[in-house]
Protein chains: 2
Amino acid sequence: MQISRNKKLPGINIKLNECGLKATLPRIKVVEALQNSKKPLSAAEIYKLTKKYTDRASIYRSLRVFTECGITDEINLNEGFLRYEISGKKHHHHIKCDNCGAIKCIDICIKLDVEKLTGYRINKHSIEFNGVCPNCLKNYS
Amino acid sequence: MQISRNKKLPGINIKLNECGLKATLPRIKVVEALQNSKKPLSAAEIYKLTKKYTDRASIYRSLRVFTECGITDEINLNEGFLRYEISGKKHHHHIKCDNCGAIKCIDICIKLDVEKLTGYRINKHSIEFNGVCPNCLKNYS
DNA sequence: AATATAAATGCAAATCAGTCGCAATAAAAA
DNA sequence: TTTTTATTGCGACTGATTTGCATTTATATT
Ligand SMILES: [Mn+2]
Ligand SMILES: [Mn+2]
Ligand SMILES: [Zn+2]
Ligand SMILES: [Zn+2]
């Protein structure tokens with residue numbers, strides 16, 4: 001796939017190269033899709049947005065290596081698939097409204113407490129909530 | 001499948017009936033497998049233990065309805081499949097050692113804090129950890 | 001105890017997220 | 001510009017879970 005004189009976005013290219021990754025068009029399109037999204041995206045959603053530039057296997061490979069490098073975070077909202085978002089400055093978790101589908105970030109975590117409590121060295125954790133948001137509670141009940 | 005004069009275990013039968021469920025042999029065998037297990041089981045593990053009495057589809061159907069009724073709890077340790085345990089007296093979460101595979105229950109939860117913080121009515125939540133347990137930390141590093 | 005009926009089962013086929021092998025391609029290094 | 005090596009795109013594949021449907025079984029009823 002021919003990169004259409006893409007002289008913009010040196011930021012992404014540099015970040016990819018810093019991680020030892022080639023800055024390919026498929027990868028750039030995945031990063032862009034995530035950056036332009038207001039909520040974490042699933043691989044299927046990313047594919048819908050970028051199918052002109054890549055295929056499903058490459059998206060999964062990109063997301064895996066991005067997450068390993070800390071470029072993205074993986075989010076498990078018990079939907080039967082994973083979501084991804086650009087790894088922000090601040091560690092956080094999520095809550096999804098089962099009614100309107102909105103996904104909100106929440107600045108709360110108990111990783112350190114659990115490490116202290118259990119003596120484990122925690123490699124990975126997932127703290128995710130599903131419910132009905134205040135707005136939907138108001139309107140439909 | 002013929003129930004082999006199973007006059008024991010009226011407790012399970014009663015609990016199933018209370019939930020509006022028929023106390024079938026396949027269901028009883030699934031409950032027994034979970035009761036006899038020291039750790040939460042996956043559908044595949046339950047199948048291995050009960051294949052003489054049921055099949056995969058029925059196990060999945062049982063686990064779903066059990067979880068809906070509150071007979072079992074669903075646990076997502078990011079393993080690519082779900083685990084189930086008999087719903088205990090006390091609400092809790094889990095941590096799995098990536099080295100030895102042990103799954104430990106932890107009595108810590110922030111559901112109420114998150115409800116207070118966000119105003120959501122939380123229907124479902126999942127708070128799960130992966131890491132290396134103190135014992136494995138000692139032995140292998 | 002025999003019958004009716006609605007729920008649950010077993011089986012095979014389907015679905016769905018995610019992975020893999022491999023030849024072709026493109027980014028980065030030389 | 002050429003070489004090197006990572007990455008891609010494709011299709012086939014896996015593993016978990018679901019579904020349709022004809023048959024069986026638990027329970028309520030007589
Ligand atoms: Mn977020
Ligand atoms: Mn437990
Ligand atoms: Zn956290
Ligand atoms: Zn909890």
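Note that this is a predicted model, so its numbers are computed, not measured. Chain A is the first sequence line, chain B the second, and so forth, proteins listed ahead of strands; every chain is numbered from 1. Values below: every heavy atom of this structure, side chains too, minus hydrogens, waters and symmetry copies.
Taking only side-chain nitrogens and oxygens, B/Ser58 never comes nearer than 4.0 Å to OP1 or OP2 of C/dA8. Taking only side-chain nitrogens and oxygens, B/Tyr60 comes nearer than 4.0 Å to OP1 or OP2 of D/dT17. At D/dT8, none of the side-chain N or O atoms of A/Thr54 fall inside 4.0 Å of OP1 or OP2 (strictly under the cut-off). Between B/Thr24 and C/dA8 there is no side-chain polar atom (N or O) within less than 4.0 angstrom of OP1 or OP2. Between A/Ser62 and D/dT7 there is no side-chain N or O to OP1 or OP2 distance below 4.0 Å.
Here the P atom of nucleotide C/dA4 and the NZ atom of B/Lys22 are 15 Å apart, to the nearest Å. Between the CD atom of B/Glu79 and the C1' atom of C/dT19 there is a distance of 18 Å, given to the nearest Å.
Taking the nucleotide of DNA chain D with the nearest heavy atom to each of A/Asp55 and B/Leu82, the more 5' of the two is matched to A/Asp55. Toward the 5' end of DNA chain D, the nearer of the two residues A/Gly20 and B/Ala43, judged by each one's closest nucleotide, is A/Gly20.
Screening A/His92, A/Lys39, A/Gln35 against A/Glu85 for a side-chain hydrogen bond (donor to acceptor under 3.5 Å, both in side chains) leaves a single residue, A/His92.
Counting non-hydrogen atoms under 4.0 angstrom, A/Phe81 reaches the backbone sugars and phosphates but no base.
Within 3.5 Å, a donor on the side chain of A/Arg56 pairs with an acceptor on the base of C/dG18, or the reverse. Taking only distance into account, the side chain of A/Arg61 never meets the base of C/dG18 through a donor-acceptor pair shorter than 3.5 Å.
Interatomic distance, A/Arg27 CZ to A/Leu21 CG, rounded to the nearest 0.5 Å: 5.0 Å.
More than 12 non-hydrogen atoms from other residues, nucleotides or ligands lie less than 6.0 angstrom from NZ of A/Lys51.
Relative ring orientation between B/His91 and B/His125 is described as tilted, the plane-to-plane angle lying within the 30° to 60° band.
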